[in-house]
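Here's the structure, in structure tokens; my notes come after.
Numbers here simply count residues along the sequence, with the first being 1. Computed from a prediction, not measured in an experiment: that's the story for all the values here.
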Amino acid sequence: MTHRSALFAAVLGLGRAGSNIGDHWIQNDYCARVKGATDAKPVYLTTDDPDAEPTVHGTTDGIKACAWHCLTYTATQALAVGAGARVLGIRLHPGAAAAALALSFVTHYAADRRVPGGLLETLAEKTGKGNFWRLADHGINGAYCLDSAWHHGWETAAALVATIGSTTR
């Protein structure tokens, strides 16, 4: 029998890889740019055609773009963890795995919706990290760093949930 901490470490590593791939390679440009759009602060997208008018994207498009991104992100995590667990001989309890993926989806959406005054910006302000949140200089983007830390923390919690009832073959 494999120690539970080894199962957790394997699932965390697999989930982390799936997360990074889903967030940076699978997410399309449209979702990356529109997922924070609101009617009060719309996103204007232009094309390579200099004569074309920019398209305007508000709250509905922002919600859909963020949901689609979180769906593809979570699916990428599921594929990475599922395939890796199979190779490593880890059996995840289906309910625990589903709960972990739901946790990942919800917490990713909460952070990535990025509306003005949204969850992460508010947390940054309330914890004294507002200046860091706004930092975009010296090769550092504070909002991106805090976003990553949020995701890493919840991915760790999701890996803990996913390994409840797990066994080896």
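- A distance of 3.0 Å separates OH of Y73 from OG of S19, quoted to the nearest 0.5 Å.
- The minimum heavy-atom distance linking I164 with A96 is given by the pair O-CB, 3.4 Å.
- Side chain of S166 to main chain of T163: a donor-acceptor pair is present (N/O by atom type, distance under 3.5 Å, no hydrogens or angles).
- Shown here for G22 and T76, the closest heavy-atom pair between the two residues is N-CG2, 3.8 Å.
- Under a hydrophobic clustering in which Ile, Leu, Val, Met, Phe, Trp and Tyr are joined whenever their side-chain heavy atoms come within less than 4.5 Å, directly or via other members, L146 and L135 fall into the same cluster.
- Annotation: side chain of P54 is not in contact with side chain of L45 (no heavy-atom distance under 4.5 Å).
- Interatomic distance, H69 NE2 to F105 CZ, rounded to the nearest 0.5 Å: 10.0 Å.
- Residues A65 and C31 come closest through the heavy atom pair O-SG, 3.4 Å.
- For the pair H108 (side chain) and S104 (backbone), a donor-acceptor distance under 3.5 Å is absent.
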Q | Steps toward side-chain contact (heavy atoms from CB on, under 4.5 Å) verdict (Q77, E155) | A | CA-CA 10 Å; Q77 280 185 309; E155 289 160 10; 3.9 Å; yes
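- At distances below 3.5 Å, not a single donor-acceptor pair connects side-chain atoms of D39 with backbone N or O atoms of G58.
- To the nearest 0.5 Å, the span separating SG on C66 from CD on Q27 amounts to 8.5 Å.
- In this structure, CD1 on I26 lies 11.5 Å from CG on N20, to the nearest 0.5 angstrom.
- Proximity of R86 to R169: side-chain heavy atoms (C-beta onward) are separated by under 4.5 Å at one or more points.
- When atom types are taken as modelled, the side chain of T122 and the backbone of G117 share a donor-acceptor pair closer than 3.5 angstrom.
- For the atom pair OG1 (T72) and CD1 (I21), the distance works out to 12.5 Å, reported to the nearest 0.5 Å.
- Using modelled atom types, one side-chain atom of R113 and one backbone atom of A37 make a donor-acceptor pair closer than 3.5 Å.
- Using a 4.5 Å heavy-atom threshold, the side chains of D147 and R114 count as touching.
- By the criterion of side-chain heavy atoms lying less than 4.5 angstrom apart, applied directly or through intervening Ile, Leu, Val, Met, Phe, Trp or Tyr residues, L7 is grouped together with L92 in one hydrophobic cluster.
- Y30 has its ring centre less than 6.0 Å from the ring centre of H57.
- Across every non-hydrogen atom of A100 and A158, the tightest pair is CB-O, 3.1 Å.
- Pairs of residues two or more places apart, or lying in two chains, that qualify as salt bridge (charged side-chain N to carboxylate O under 4.0 Å, His left out) and include a residue from residues 18-38 are D29-R33, K35-D112.
- Note: the hydrophobic cluster containing L120 also contains I140 (ILVMFWY, side chain heavy atoms under 4.5 Å, direct or indirect links).
- Using a distance-only test at 3.5 Å, with no hydrogens or angles considered, a donor-acceptor pair links the side chain of W150 to the main chain of T107.
- Looking at heavy atoms from C-beta onward, E121 lies out of side-chain contact with V115 at the 4.5 angstrom threshold.
- In the hydrophobic clustering of ILVMFWY residues, with side-chain heavy atoms under 4.5 Å counting as a link, L14 and L160 come out apart.
- The shortest non-hydrogen separation linking V161 to L103 is CG2-CD2, 4.5 Å.
- Ion pairing between R134 and E125 holds under the 4.0 Å rule for side-chain N and carboxylate O.
- Using a 4.5 Å heavy-atom cutoff, the side chains of W68 and L71 are in contact.
- One hydrophobic cluster holds both L119 and W133 under the rule that ILVMFWY side chains link at heavy-atom gaps under 4.5 Å.
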